[in-house]
Number of protein chains: 4
Amino acid sequence: MSIAAVASPPRRSVRSHEAVLAAAADIAGRRGYGNTRIEDIAAQAGVGKQTIYRWWPNRAALLIEVYGRLVPPDVGAADTGSLAGDLESLLIRLSALYADTPAGNILFGLIAEAQADTELARQLRDTYVAPRRSIVRSILQRAADRGEIDPPDNTDFVSDLFSGAVWFQLLLGTRSLDREFRRRLVDAVLCTVRSACRVGQPPDRKKRT
Amino acid sequence: MSIAAVASPPRRSVRSHEAVLAAAADIAGRRGYGNTRIEDIAAQAGVGKQTIYRWWPNRAALLIEVYGRLVPPDVGAADTGSLAGDLESLLIRLSALYADTPAGNILFGLIAEAQADTELARQLRDTYVAPRRSIVRSILQRAADRGEIDPPDNTDFVSDLFSGAVWFQLLLGTRSLDREFRRRLVDAVLCTVRSACRVGQPPDRKKRT
Amino acid sequence: MSIAAVASPPRRSVRSHEAVLAAAADIAGRRGYGNTRIEDIAAQAGVGKQTIYRWWPNRAALLIEVYGRLVPPDVGAADTGSLAGDLESLLIRLSALYADTPAGNILFGLIAEAQADTELARQLRDTYVAPRRSIVRSILQRAADRGEIDPPDNTDFVSDLFSGAVWFQLLLGTRSLDREFRRRLVDAVLCTVRSACRVGQPPDRKKRT
Amino acid sequence: MSIAAVASPPRRSVRSHEAVLAAAADIAGRRGYGNTRIEDIAAQAGVGKQTIYRWWPNRAALLIEVYGRLVPPDVGAADTGSLAGDLESLLIRLSALYADTPAGNILFGLIAEAQADTELARQLRDTYVAPRRSIVRSILQRAADRGEIDPPDNTDFVSDLFSGAVWFQLLLGTRSLDREFRRRLVDAVLCTVRSACRVGQPPDRKKRT
DNA sequence: TGGTAATCGAGACGGTACGTCCCGTCTTAAG
DNA sequence: CTTAAGACGGGACGTACCGTCTCGATTACCA
């Protein structure tokens, strides 16, 4: 990347790197994360297995990189002028991402694997949850700036509520985020945000735990 | 030989059946779904591998049965007298289920596997989603009967919103459904239910799809 | 067998016994000794596996009985009037036995198994070697009685030489005892018998061991 | 990539190859052909099972190679100056081979297996029968060159007669080729060779088939 | 411009688990 | 009490991948 990086000794083959990522994305998309074999990726990429193990410590690391490449940097960038519009826009883009690319399959395989691998879980939080929360936070911030809502104090929860609903739909529902679903989810998020603003911390509940 | 020489039904060994389920639950709990080996289950249960394969076609089928046994039939039975109380009660019971038993690990491994196995996905919807929705539906029904809310038309969505949030928290959050989280989720569900009742189908949106 | 045996308590089912032997002979004939499975015999005989294990300790014991039934009691009975004729007649009958029945396959599987099972080896000597030697002995005795030869002192060796040659031909040769082979073997036996008679113990060899 | 990118030949590990053969010989010697398990060979050789299956299609192929290594190239090489001496020498060497090494056990297991496997039978003829016949042929040839006998026309039959007798003795006899047996077998071969020379094709027999 | 050291493809290696086959024993219901 | 049926615990099979390890051959920096 930087100027000095040109001289770096680990002279990684660009073509192999790209071929591995492409093969991994293709196979994970066609067969699912669980049926994605390093041997098959290597064969399809025309690459030695060692070349994969040299640059990625395991399947999860490789597929995290694949996942990262599949998510466009601007998933949540659209400013439609209203909170509902921004959320709808985000939903539509996510819908496309999960419907048209292996991103969904990969992400879910990774999450499953992370259940028995805390390091991977941490990486996933960094790679997936944090960016998603920051997207939602900035959407809510824009809405607050517009005066649509008061600045909420539970943006992370709202983001997770949103993400959880999307997952559930993709994993066990119809696998598409249809118009009906989007309307309902946007409504739920809106009223949750407003409710939090309106009531604040209810004075009659003791906050422990 | 004789007329009544009807094929006797397969006579399954109760002790083996139970031993396999117990061993599977234990191993899945300790090592996670992905590291649960049929061979280990058989060895720990003191059973031949064939005995497992005779009664369950694959690991997923076995673990679905294990999961079913772990979920108490009354997860959502409590009638606390208020909608918020019922939801809170359900959350606490789920929290215990996922914290104290392998149910969470197993469920999530199954979901991951279901991404590449549509038959398993169908089974999971029957085993998990449908019962959960029916619990939430009856909670909302009780609330409507009490006059707390109008009868909602989106109980399935509300159930999925609720379930999705719980998952997200368990899978990528702190792995516990703490008081703060529970309060926020109950609030979100409450306002979502009321919002649906209040606004109904917004007249300015065309309802297609 | 005897009259009193009718009342014996182990009421063995004649039909099962026969069916098992028939099925074993059939399967051993079609697939070879090594591919003869107890399970298949039981299934083909319409018999429970336990019924086989109740009456025969193992596959070898069962197939020894099968072998015994396949060998007609008169393989070597013919008296053609000459030593060469008797030997030729025996060869022709053996040829038929091994060509038309599974006897050869079974015998050879048994011998192979006997290499690691001394008890089976002993049984085989009783079942196979001893009868064969006695046949050859009586053929040679008849020849001596006729005055064709002097009474030989090496009938067992001659029998084994004869049997060994037949085996070798069947196992690794063309699997048929053709006219050419028969002529050569009869000649070899004749001259071996006469040579032993003629020279007796050669005076210039010390007989030790 | 380049023109000369010829497929590199499979690079077989010498140490694994040798270790497998050694382990197979040891186990077959101790337990017999029938009780020789691929898994045990692999374990004892410190080798993965796949490494065995990569280079040998089945147990028989592996043990044929083992057998080949056990037979010294000079079993029949000795020129003692007389036909009887050469045969005696061959018998003594064979006796040692079968008494001191697993060669006998292995050979016989292979022969048994070959009864239901024609390809293996063919291999065995190439590996065992043909070399043995050529040894006997050269012994007889030397005797003819010395003028001891006329050049025989039935060397293959003589070889098989000889081999068959040895087998029979080893398989169902006392398992040792003692002095008495050797004397008798050498006598039988001598008179068979001379008889063939002396009588030629007996004129009174029609030679068909 | 040629030397050389890391990377490359290929794939053999020691392993682990798979799902299947068959062993010999045990259990059940029918006769 | 025997039988047919077949489930049982067990052990070996031959296969699929794992992640590591050799091999030459290739490549791109540096002398």
Side-chain angles (χ1 to χ4, degrees), chain A residues 6-13 15-17 19 35-40 42-43 45-55 57-59, chain B residues 1-2 4-13 15-17 19 35-40 42-43 45-55 57-59, chain C residues 9-13 15-16 19 35-40 42-43 45-55 57-59, chain D residues 1-2 4-13 15-17 19 35-40 42-43 45-55 57-59:
Chain A
V6 175
S8 67
R11 291 157 300 124
R12 182 172 191 168
S13 155
R15 105 142 264 286
S16 292
H17 187 180
N35 295 318
T36 299
R37 317 279 171 223
I38 297 282
E39 301 220 320
D40 296 343
V47 140
K49 280 203 291 178
Q50 188 67 209
T51 299
I52 296 183
Y53 286 108
R54 196 175 350 252
W55 302 112
N58 49 51
R59 182 176 64 166
Chain B
M1 299 285 170
S2 72
V6 289
S8 62
R11 290 178 309 281
R12 184 169 190 171
S13 156
R15 97 137 279 278
S16 292
H17 189 175
N35 295 319
T36 299
R37 317 279 169 222
I38 298 280
E39 298 219 323
D40 296 344
V47 142
K49 276 202 290 179
Q50 190 73 83
T51 298
I52 296 182
Y53 287 109
R54 184 154 27 230
W55 301 112
N58 49 52
R59 184 176 60 166
Chain C
R11 289 161 299 128
R12 180 175 192 165
S13 157
R15 99 142 270 284
S16 291
N35 294 319
T36 299
R37 316 279 170 223
I38 297 282
E39 303 220 320
D40 296 343
V47 139
K49 279 202 292 177
Q50 189 63 213
T51 300
I52 295 182
Y53 286 110
R54 193 168 358 249
W55 303 112
N58 48 52
R59 182 176 63 167
Chain D
M1 297 285 170
S2 72
V6 288
S8 60
R11 289 179 310 282
R12 185 169 190 170
S13 155
R15 101 140 272 282
S16 293
H17 188 176
N35 294 319
T36 298
R37 317 280 170 221
I38 297 281
E39 298 218 324
D40 296 344
V47 142
K49 277 203 288 179
Q50 190 75 87
T51 298
I52 296 182
Y53 286 109
R54 186 159 19 235
W55 302 111
N58 49 52
R59 184 176 61 165

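Note that this is a predicted model, so its numbers are computed, not measured. Just so it is clear, the values below take in all heavy atoms, side chains as well, and ignore hydrogens, waters and symmetry mates. Numbers restart at 1 for each chain; the letters A, B, ... are given by sequence-line order, proteins then strands.
- Going from atom CH2 of C:W55 over to atom P of F:dC1 covers 14 Å, rounded to whole Å.
- Counting to the nearest Å, the P atom of E:dG19 and the CG atom of B:N58 are 8 Å from each other.
- Atom pair D:R59:CZ and F:dG14:P shows a separation of 9 Å (rounding to whole Å applied).
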Output, in order, the C-alpha distance, side-chain angles, deciding distance and verdict of side-chain contact (heavy atoms from CB on, under 4.5 Å) for D:K49 and D:I52. CA-CA 5 Å; D:K49 277 203 288 179; D:I52 296 182; 5.7 Å; no

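- Which of E:dT25, F:dC18, F:dC13 sits closest to the side chain of A:E39 comes down to F:dC18.
- Counting only heavy atoms from C-beta outward, the side chains of C:R37 and C:N35 approach each other to under 4.5 Å.
- Minimum atom distance to the side chain of B:I38 is reached by E:dC18, of the listed E:dC18, E:dG24, F:dG14.
- Here E:dC22 presents its P atom at 9 Å from CG of C:N35, a figure rounded to the nearest Å.
- Atom-to-atom, CG of C:D40 to P of F:dA4 comes out at 16 Å; the value is rounded to the nearest Å.
- In this structure, B:W55 and B:H17 have side chains that are not in contact, with every pair of non-hydrogen atoms separated by 4.5 Å or more.
- One can place CD1 of C:I52 at 9 Å from P of F:dA4, the figure rounded to the nearest angstrom.
- Contact detail for C:A42 and C:G48: the closest heavy-atom pair is CB-C, 4.2 Å.
- If you find the closest nucleotide of DNA chain F to D:Y53 and to A:R37, the one lying nearer the 5' end belongs to D:Y53.
- Checking the phosphate oxygens (OP1, OP2) of F:dC8, a side-chain nitrogen or oxygen of B:R54 falls inside 4.0 Å.
- For C:S16 and F:dT3, the shortest distance from a side-chain N or O to OP1 or OP2 is not below 4.0 Å.
- Each of A:Q50 and D:H17 was assigned the nucleotide of DNA chain E with the nearest heavy atom; the assignment lying further toward the 5' end belongs to A:Q50.
- Where D:T51 and C:K49 each meet DNA chain E at their nearest nucleotide, the meeting point lying more 5' is that of D:T51.
- Rounded to whole Å, atom P of F:dT27 lies 11 Å from atom CZ of A:R15.
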